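Everything on this sheet refers to the single structure shown next.
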Amino acid sequence: MAGTIEEENRIEMLKAFDKTQSGVKGLIDSGLQKIPKIFIRPSEEVAQELLTHKKQIQFEVPVIDLSGMRKAIVEEVRIASETWGFFQVVNHGIPLSVVDGMIEGVRKFNEMDVEEKKKYYTRDGMRRVRFHSSHDLFTSATASWRDTLSISFSDPADHHVDYEDELPISCRDSSVEYSKHVKKLGNNLLGLLSESLGLEIDHLKSMECLKGHRLYCHYYPACPQPELTIGTTKHSDGGFLTILLQNQIINSLQVLHQGQWVDIQPIPGALVVNIGDLLQLVSNGKFKSVKHRAKTSRAGPRISVACFFSGPDNGDKVYGPIEELVSQENPPLYKEVLLSEYRVKILTTGLDKYRGLDYYKV
């Protein structure tokens, strides 16, 4: 009975927080000194982390220079995708002015008048532009210490409507400009990944892996008790490919490698690339989609922009292991998935509870 009452109280606290439409930054702006219970991780989780932290070995996530010889780059991408599922890229072709403009646009949006910001606050998944705090606020065990502005950029062939006017003016131009550049980089990376699998350069693109993309612009305010909470809980990405831009001030991003959390050290001008669950599925397990998370810090804000390439808006598409990668010696590891059903599973499950490709193993 006590547990039920406690859960009811927690739900009421979540609703009250969500109703403010001011996000985590609103809590900080109110002069908060101690974080609310909804953000506090289970004590056993924190204790386990302190125990494993003492045993760490030093690892470094691969860094790939995209201005080198293509054959060498393809090999580096293959090794990183098979062993880490993560790598950083430098000399990627996106001008520093565009990268800095995107970060500044996100900062301006989050620091503008709260009443203006509330116009975009919604949990309606059909909205192209959404501002919220923790998309899984009501399904996860712990609320995440971050606010998010998400912007959907559909493929022009699918939508003949100019929806730029829907974007907040504080980050409208910077988002549109960054979107164009990051899509071009995504196309280049998909070509390298196709070749890394021994396929034709346009194979993954022809599967519509690049069609439509969404920017998730995360704002992590400084936290008065960072050891008790998490910015983004551990998870793997559900799409094909993620390209992450982050400001260089705070080191918070970690990837799970060989059973331990490894810091991804920010490199000026670099972007972080990671394999998503769908790419692991279509590569029949050759490429790895791995767990990662974002810690909180007393310093802040940390700003990051994740671009998710998750396939076409139309959910009728079916994905399974690529035929050329399957044989008698390498039978399919995963079932075929209908994109619409796959997305529903992700969106209705908390990040901390979602089991990724475990649902689709043969």
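Keep in mind that what you see is a predicted model, and the values were worked out from it rather than measured. Any value given below was found using the heavy atoms of this structure, including those in side chains, with hydrogens, waters and symmetry copies removed.
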Straight-line distance of W261 CH2 to R293 CZ, nearest 0.5 Å: 5.0 Å
Residue pairs passing the ring pair (Phe, Tyr, Trp, His ring centres under 6.0 Å) test where at least one lies in residues 267-294, sequence neighbours excluded: F86-H292, H235-H292
Side chains of T148 and H218, donor plus acceptor under 3.5 Å: yes
Any V272 side-chain heavy atom under 4.5 Å of L253 side chain: yes
CA sep, side-chain torsions, deciding dist, call: D263, K295, salt bridge (charged side-chain N to carboxylate O under 4.0 Å, His left out): CA-CA 10 Å; D263 292 330; K295 299 180 297 179; 3.7 Å; yes
Y220 vs S144 side-chain heavy atoms within contact, under 4.5 Å: no
Counterpart residues, ring pair (Phe, Tyr, Trp, His ring centres under 6.0 Å), relative to F138 (two or more places apart): none
Contacts of E200 that satisfy side-chain hydrogen bond (donor to acceptor under 3.5 Å, both in side chains) - sequence neighbours left out: none
Members besides I267 in its Ile/Leu/Val/Met/Phe/Trp/Tyr cluster (side-chain heavy atoms under 4.5 Å): V63, V90
Straight-line distance of E75 CD to I64 CD1, nearest 0.5 Å: 10.5 Å
For K361, all residues meeting salt bridge (Lys or Arg N to Asp or Glu O under 4.0 Å), sequence neighbours excluded: D358
Any pair counted as ring pair (Phe, Tyr, Trp, His ring centres under 6.0 Å), so long as it reaches residues 164-207, sequence neighbours left out: none
Contact list for residues 16-33, test side-chain hydrogen bond (donor to acceptor under 3.5 Å, both in side chains), sequence neighbours left out: D18-Y121, D18-R123, K25-D29
Pairs involving residues 297-327, ordered by first then second residue, that meet ring pair (Phe, Tyr, Trp, His ring centres under 6.0 Å) (sequence neighbours left out): H213-F309, Y216-F308, F240-Y319
CA sep, side-chain torsions, deciding dist, call: K119, E116, salt bridge (charged side-chain N to carboxylate O under 4.0 Å, His left out): CA-CA 6 Å; K119 294 177 183 177; E116 185 65 23; 2.9 Å; yes
Contacts of type side-chain hydrogen bond (donor to acceptor under 3.5 Å, both in side chains), residue K286, not counting sequence neighbours: E82
Non-neighbouring partners of E45 that pass salt bridge (Lys or Arg N to Asp or Glu O under 4.0 Å), sequence neighbours left out: R41
Salt bridge (Lys or Arg N to Asp or Glu O under 4.0 Å) partners of E44, counting only residues at least two apart: none
Residues clustered with I79, ILVMFWY side-chain links under 4.5 angstrom: none
